Peer 1: 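Let me begin by handing over the structure; questions about it come next.
Keep in mind it's a predicted model, so treat the numbers as computed, not measured.
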Amino acid sequence: DDELFIYIGKSRSGDIFSSKFKEGKWTSPAPLSGKINTSSRETSMCLSSDGRTMYFCSNDPKTTLGGSDIYVSRQDLKGKWQKPKNIGQTINTRSDEIAVSISHNDSSLYFSSRGHKSMGGYDIFKSSLSETGLWSQPENMGYPINTADDDIFYKESKDGRTAYYSSIRESGLGGKDI
């Protein structure tokens with residue numbers, strides 16, 4: 001609650017920055033410490049409930065399966081982010097995976113993908129963490145959450161009873177609405 005993460009960049013490159021709330025104001029955004037940011041584009045991210053595991057999206061051509069993939073990094077004891085690891089083929093496809101979010105109990109990973117079986121454009125998918133530490137095959141959240149247009153940035157409330165996401169709907173105000 002005292003740290004804000006910001007994407008700063010252009011269409012082909014960009015990084016995740018952090019600003020901290022100190023003495024009643026936000027500090028100037030600074031690149032994340034450690035090995036998260038590359039010369040490619042690192043975009044959306046989320047933290048585990050203890051704040052020591054980060055999931056984020058990158059289009060680094062050296063390590064993606066294609067397009068943008070989801071990665072995981074853990075913080076060392078000094079607070080530096082360790083070398084990210086591609087989360088793997090169960091989640092990532094040859095297409096784009098974006099807009100990653102994790103549930104408050106760290107058991108469900110939500111993301112948008114064009115590569116899994118979708119209804120059209122980006123759809124929101126859910127994967128569950130098994131007791132052995134592996135992510136399940138992603139399941140499409142289906143209608144009414146997903147539509148033929150892009151549905152992205154799914155975020156659950158702490159109690160899991162409400163979710164917010166961005167979507168294009170006829171009843172919306174135009175473009176993507178929350």
Peer 1: Are Val100 and Leu129 joined in one hydrophobic group, where the rule is that I, L, V, M, F, W and Y side chains link up if heavy atoms are under 4.5 Å apart?
Peer 2: yes
Peer 1: Quick one about Ser49 and Asp106 (side-chain donor to acceptor, distance below 3.5 Å, no hydrogens or angles considered), yes or no?
Peer 2: yes
Peer 1: Under the side chain to side chain contact (heavy atoms under 4.5 Å, CB included) rule, what do Thr90 and Leu134 come out as? Steps first, then yes or no, please.
Peer 2: CA-CA 9 Å; Thr90 300; Leu134 299 175; over 6 Å; no
Peer 1: Any non-hydrogen side-chain atom of Tyr55 less than 4.5 Å from a side-chain atom of Ser73?
Peer 2: no
Peer 1: Work out which heavy atom in Ile102 is nearest to a heavy atom in Trp135; give both atom names and the distance.
Peer 2: CD1-CH2, 4.1 Å
Peer 1: Would you kindly confirm whether Tyr154 and Ile98 end up in one hydrophobic cluster when ILVMFWY residues are joined by side chain heavy atoms under 4.5 Å apart?
Peer 2: no
Peer 1: Which atom names give the shortest non-hydrogen contact between Pro29 and Ile8, and what distance separates them?
Peer 2: CB-CD1, 4.1 Å
Peer 1: Mind listing the closest non-hydrogen atom pair of Asp159 and Ser157 along with its distance?
Peer 2: OD1-OG, 2.7 Å
Peer 1: Which atoms form the tightest heavy-atom contact between Thr27 and Lys22, and what is the distance?
Peer 2: CG2-CD, 4.1 Å
Peer 1: Please determine whether residues Leu109 and Ile124 belong to a single hydrophobic cluster, defined as Ile, Leu, Val, Met, Phe, Trp and Tyr linked transitively by side-chain heavy-atom distances below 4.5 Å.
Peer 2: no
Peer 1: The test is side chain to side chain contact (heavy atoms under 4.5 Å, CB included); show your working for Tyr122 and Asp151 and say whether it passes.
Peer 2: CA-CA 6 Å; Tyr122 283 105; Asp151 306 292; 5.9 Å; no
Peer 1: What pair of heavy atoms forms the shortest contact from Ile91 to Ile70, and how long is it?
Peer 2: CG2-CD1, 3.8 Å
Peer 1: Is it the case that the side chains of Glu42 and Ser58 hold a donor-acceptor pair, with the cut-off being a distance below 3.5 Å and no angle test?
Peer 2: yes
Peer 1: Membership question, hydrophobic clusters at under 4.5 Å side-chain separation (ILVMFWY): are Leu32 and Tyr7 in the same one?
Peer 2: no
Peer 1: Are Asp149 and Thr147 close enough that a side-chain donor and a side-chain acceptor fall under 3.5 Å?
Peer 2: no
Peer 1: Please lay out, stage by stage, how Arg41 and Thr43 fare under the test side chain to side chain contact (heavy atoms under 4.5 Å, CB included).
Peer 2: CA-CA 6 Å; Arg41 183 180 43 173; Thr43 58; 3.5 Å; yes
Peer 1: Would Tyr165 and Phe153 count as a side chain to side chain contact (heavy atoms under 4.5 Å, CB included) here? Give the steps.
Peer 2: CA-CA 5 Å; Tyr165 61 98; Phe153 292 109; 5.7 Å; no
Peer 1: Consider only side-chain N and O atoms of Glu156 and Ser103, and report whether a donor and an acceptor are under 3.5 Å apart.
Peer 2: no
Peer 1: Of the options Met45, Lys126, Lys155, which is the one that meets Ser101 in a side-chain contact (heavy atoms from CB on, under 4.5 Å)?
Peer 2: Lys155
Peer 1: Between Tyr71 and Phe56, is the ring centroid distance below 6.0 Å?
Peer 2: yes
Peer 1: Is a side-chain donor or acceptor of Thr64 paired with a backbone partner of Ser68 at a separation under 3.5 angstrom?
Peer 2: no
Peer 1: Quick one: closest heavy-atom pair of Leu65 and Thr93, and the distance?
Peer 2: CB-O, 3.7 Å
Peer 1: Are Val72 and Ile16 in one and the same hydrophobic cluster, where Ile, Leu, Val, Met, Phe, Trp and Tyr link if side-chain heavy atoms are under 4.5 Å apart?
Peer 2: no
